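Below: the structure, in structure tokens.
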Amino acid sequence: MRREFLYLHPEFEIKDFRDGTRYIDFAYIRQGLKLAIEIDGYTTHASQISRTEFSDGLIRQNHMMIDGWKILRFSYDDVKNRPRMCEQGSISVNSMGRANNIGS
């Protein structure tokens, strides 16, 4: 197991702007970097949601960014069929955070 995965928290709970509870699929928190990794299934997130749920998802993401989260979104198909690509994207964000001295 890579050491980096020790910092990965599944189903990470956060508070939203209304003090409600939201969950991030995976949170990576280290050295001032707050990275949310979301995995979206096509049927759940694209084809079977209402307009209200769609808007709520965008508001949720915007408020997470305002609260300092960087967000990576992957489709379930990409995680399943191209896991290396997803891993590289996550590693790149972590590397950018260190290069920009996030948290110092």
Side-chain angles (χ1 to χ4, degrees):
M1 178 193 312
R2 287 187 168 179
R3 189 170 176 215
E4 296 293 322
F5 290 120
L6 298 175
Y7 302 101
L8 200 60
H9 307 281
E11 291 298 313
F12 188 78
E13 183 177 321
I14 60 170
K15 296 292 181 189
D16 69 9
F17 66 102
R18 292 182 225 145
D19 291 325
T21 300
R22 304 281 191 140
Y23 292 90
I24 299 169
D25 289 340
F26 295 94
Y28 178 89
I29 303 170
R30 185 168 179 221
Q31 298 174 347
L33 173 65
K34 297 189 315 185
L35 173 62
I37 300 170
E38 298 281 38
I39 300 170
D40 299 327
Y42 178 74
T43 56
T44 304
H45 292 280
S47 66
Q48 298 177 346
I49 62 172
S50 69
R51 286 178 158 312
T52 302
E53 291 168 321
F54 177 75
S55 293
D56 183 63
L58 297 176
I59 291 168
R60 172 186 178 265
Q61 182 165 316
N62 290 342
H63 283 274
M64 287 173 61
M65 293 175 71
I66 290 167
D67 287 341
W69 287 91
K70 292 189 177 296
I71 302 168
L72 281 180
R73 301 187 78 100
F74 297 104
S75 72
Y76 172 79
D77 293 339
D78 282 341
V79 171
K80 180 179 171 188
N81 300 321
R82 293 180 282 279
R84 183 77 177 127
M85 177 197 67
C86 299
E87 179 184 19
Q88 286 296 328
S90 301
I91 290 169
S92 294
V93 170
N94 185 32
S95 297
M96 286 174 15
R98 278 191 239 145
N100 292 327
N101 296 319
I102 291 177
S104 59

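Quick caveat: nothing in here was measured; it's all calculated off a predicted structure.
Separation of atoms CE (M85) and CZ (F74) is listed at 6.5 Å; rounding is to 0.5 Å. Atom CZ of R73 sits about 4.0 Å away from atom CG of D40, to the nearest 0.5 Å. The OH atom of Y28 lies 8.5 Å from the CG atom of L35; values are rounded to the nearest 0.5 Å. Between E38 atom CD and L72 atom CG the span is 10.0 Å, to the nearest 0.5 Å.
For the pair K15 and T21, the tightest heavy-atom approach, listed with the atom from each and the gap, is NZ-OG1, 3.4 Å. The two residues I39 and D25 have their closest heavy-atom pair at N-OD2, 2.7 Å. Contact detail for L33 and K70: the closest heavy-atom pair is CD1-CD, 3.8 Å.
The other residues sharing a hydrophobic cluster with I71 are F12, I14, I24, I29, M64, M65, W69, where clustering joins ILVMFWY side chains under 4.5 Å apart.
One hydrophobic cluster holds both F26 and Y76 under the rule that ILVMFWY side chains link at heavy-atom gaps under 4.5 Å. Clustering ILVMFWY residues whenever any of their side-chain heavy atoms sit less than 4.5 angstrom apart, transitively, puts I59 in a cluster other than the one holding I66.
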